[in-house]
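Working notes for the structure below.
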Amino acid sequence: MLMTSGRVLFALLFIFSGASKFFDIGSTAAIIEAKVGIPEFAAAYASQIEGSLGMTVFRLLAFTAASVEVICGLMIAFNLAPRFFAAILVLFVAVTTFYVHDFWNQSGGSERLENIVHVMKNISIIGALLMIIGYRSVSTVTPEPIYHDRVAL
C-alpha cells in the first residue's frame with residue numbers, strides 16, 4: 001500500500017508538470033528556444049518539419065516534452081511498465097537539467113543559485129526514478145525445487 005501511494009504521489013509531479021506545459025505551450029516553447037539552439041546541420045530538416053507541421057520546431061519540442069511527462073507519469077501511477085517509463089524519465093530529466101538549468105554558464109546572482117537548486121532537485125528526482133527502476137516485488141511464495149539433491153531414507 002505504501003509503495004502504491006508513494007508511486008502515485010511521485011507520478012503526480014510529472015503529470016502536473018506536463019499538464020501545465022500543455023496549458024502554457026507558448027512559454028514552454030519560448031524557454032526551449034532560448035536554451036536550445038538548432039545546429040546548422042539540422043537547420044534544413046527543422047525548416048522542413050516547420051513547413052509540414054505549420055509550427056516551429058520549438059513548439060513541437062514543447063508538445064513532446066509535455067506529452068512525455070504526462071504519459072510517463074500516468075503509466076508510473078497506474079503501474080503499467082513503470083520501470084520502462086521511469087527509464088525514459090531519467091533520460092528526459094537529465095537532458096532537461098543539462099539544457100535548461102545550465103548554472104555553469106551563468107555568472108553569480110540569484111538566477112545562478114536558483115538553477116543550482118533546480119539541478120540538485122532534479123538529481124534527487126533521478127534518484128527516485130532509479131529506485132523505481134530497481135524495485136522488484138518480493139515474492140512471498142517460495143518455489144519448491146524441481147530436483148532434489150538428497151535421497152530420502
Side-chain angles (χ1 to χ4, degrees), residues 1-140:
M1 181 67 177
L2 287 176
M3 278 299 290
T4 302
S5 300
R7 192 182 64 250
V8 170
L9 291 173
F10 179 72
L12 283 176
L13 171 73
F14 292 101
I15 296 166
F16 178 78
S17 179
S20 66
K21 283 178 179 61
F22 274 126
F23 288 123
D24 195 11
I25 206 77
S27 294
T28 304
I31 291 169
I32 293 172
E33 186 173 5
K35 296 287 187 170
V36 181
I38 302 288
E40 284 187 38
F41 71 88
Y45 298 114
S47 63
Q48 286 178 355
I49 290 170
E50 289 175 355
S52 65
L53 294 178
M55 70 172 75
T56 65
V57 171
F58 303 110
R59 196 169 183 86
L60 176 64
L61 288 173
F63 276 113
T64 304
S67 299
V68 165
E69 285 188 292
V70 170
I71 291 169
C72 290
L74 287 171
M75 297 306 258
I76 289 171
F78 290 121
N79 202 24
L80 300 171
R83 295 169 59 215
F84 172 75
F85 289 102
I88 291 173
L89 283 175
V90 165
L91 295 174
F92 175 80
V93 172
V95 169
T96 302
T97 301
F98 180 77
Y99 283 108
V100 177
H101 303 297
D102 56 342
F103 67 89
W104 51 89
N105 291 330
Q106 300 168 346
S107 60
S110 63
E111 185 179 354
R112 183 173 192 270
L113 182 60
E114 185 178 315
N115 277 315
I116 290 173
V117 170
H118 283 297
V119 167
M120 296 307 294
K121 170 197 56 118
N122 286 355
I123 289 171
S124 299
I125 289 171
I126 288 173
L129 288 165
L130 290 174
M131 289 172 65
I132 291 172
I133 292 169
Y135 176 74
R136 300 246 198 268
S137 61
V138 179
S139 177
T140 56

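These numbers come from a predicted model, not from an experiment.
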For [X] versus [Y], what's the shortest heavy-atom pair and its separation?
X	Y	result
Cys72	Ile88	SG-CG2, 3.8 Å
Phe85	Leu80	CD1-O, 3.5 Å
Ile38	Ala46	CG2-CB, 4.1 Å
Ala11	Gly73	CB-O, 3.2 Å
Ala86	Ile132	CB-CG2, 3.9 Å

Sub-4.5 Å side-chain heavy-atom contact between [X] and [Y]:
X	Y	result
Phe63	Thr28	no
Tyr135	Pro82	no
Thr97	Ile123	no
Lys21	Ser17	yes
Leu74	Ile15	yes
Glu114	Val117	no
Ile31	Val36	no
Ile76	Leu129	yes

Can you tell me how far [atom2] of [Y] sits from [atom1] of [X], rounded to the nearest 0.5 angstrom?
X	Y	atom1	atom2	answer
Thr96	Asn122	OG1	CG	7.5 Å
Ser27	Asp24	OG	CG	3.5 Å
Asn79	Met3	CG	CE	8.5 Å
Ile25	Met55	CD1	CE	8.5 Å
Ile32	Arg59	CD1	CZ	11.0 Å

Return each pair, listed once, that meets salt bridge (Lys or Arg N to Asp or Glu O under 4.0 Å) where at least one residue sits in residues 27-39; pairs must be two or more places apart or across chains.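 Sorted pair list: Lys35-Asp102.
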
> Does any pair with a residue in residues 47-56 pass salt bridge (Lys or Arg N to Asp or Glu O under 4.0 Å), and if so which ones, sequence neighbours excluded?
Replying inline: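 Applying salt bridge (Lys or Arg N to Asp or Glu O under 4.0 Å) to every pair that reaches into residues 47-56, excluding sequence neighbours, yields nothing.
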
Worksheet item: Using 30° and 60° as the class limits, which term best fits the ring planes of His118 and His101: parallel, tilted or perpendicular?
Response: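 Judged by the thresholds at 30° and 60°, the geometry between His118 and His101 is parallel.
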
I'd like to know if the side chain of [X] and the backbone of [Y] have a donor-acceptor N/O pair within less than 3.5 Å.
X	Y	answer
Ser47	Ala44	yes
Arg112	Ser107	no
Arg83	Gly134	no

Exercise for review: Applying side-chain hydrogen bond (donor to acceptor under 3.5 Å, both in side chains), name anything that partners Lys121, two or more places apart in sequence or on another chain.
Suggested key: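 None.
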
(message) Are Phe14 and Phe10, when compared by the centres of their aromatic rings, separated by less than 6.0 Å?
(response)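 Centroid separation for Phe14 and Phe10: below 6.0 Å.
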
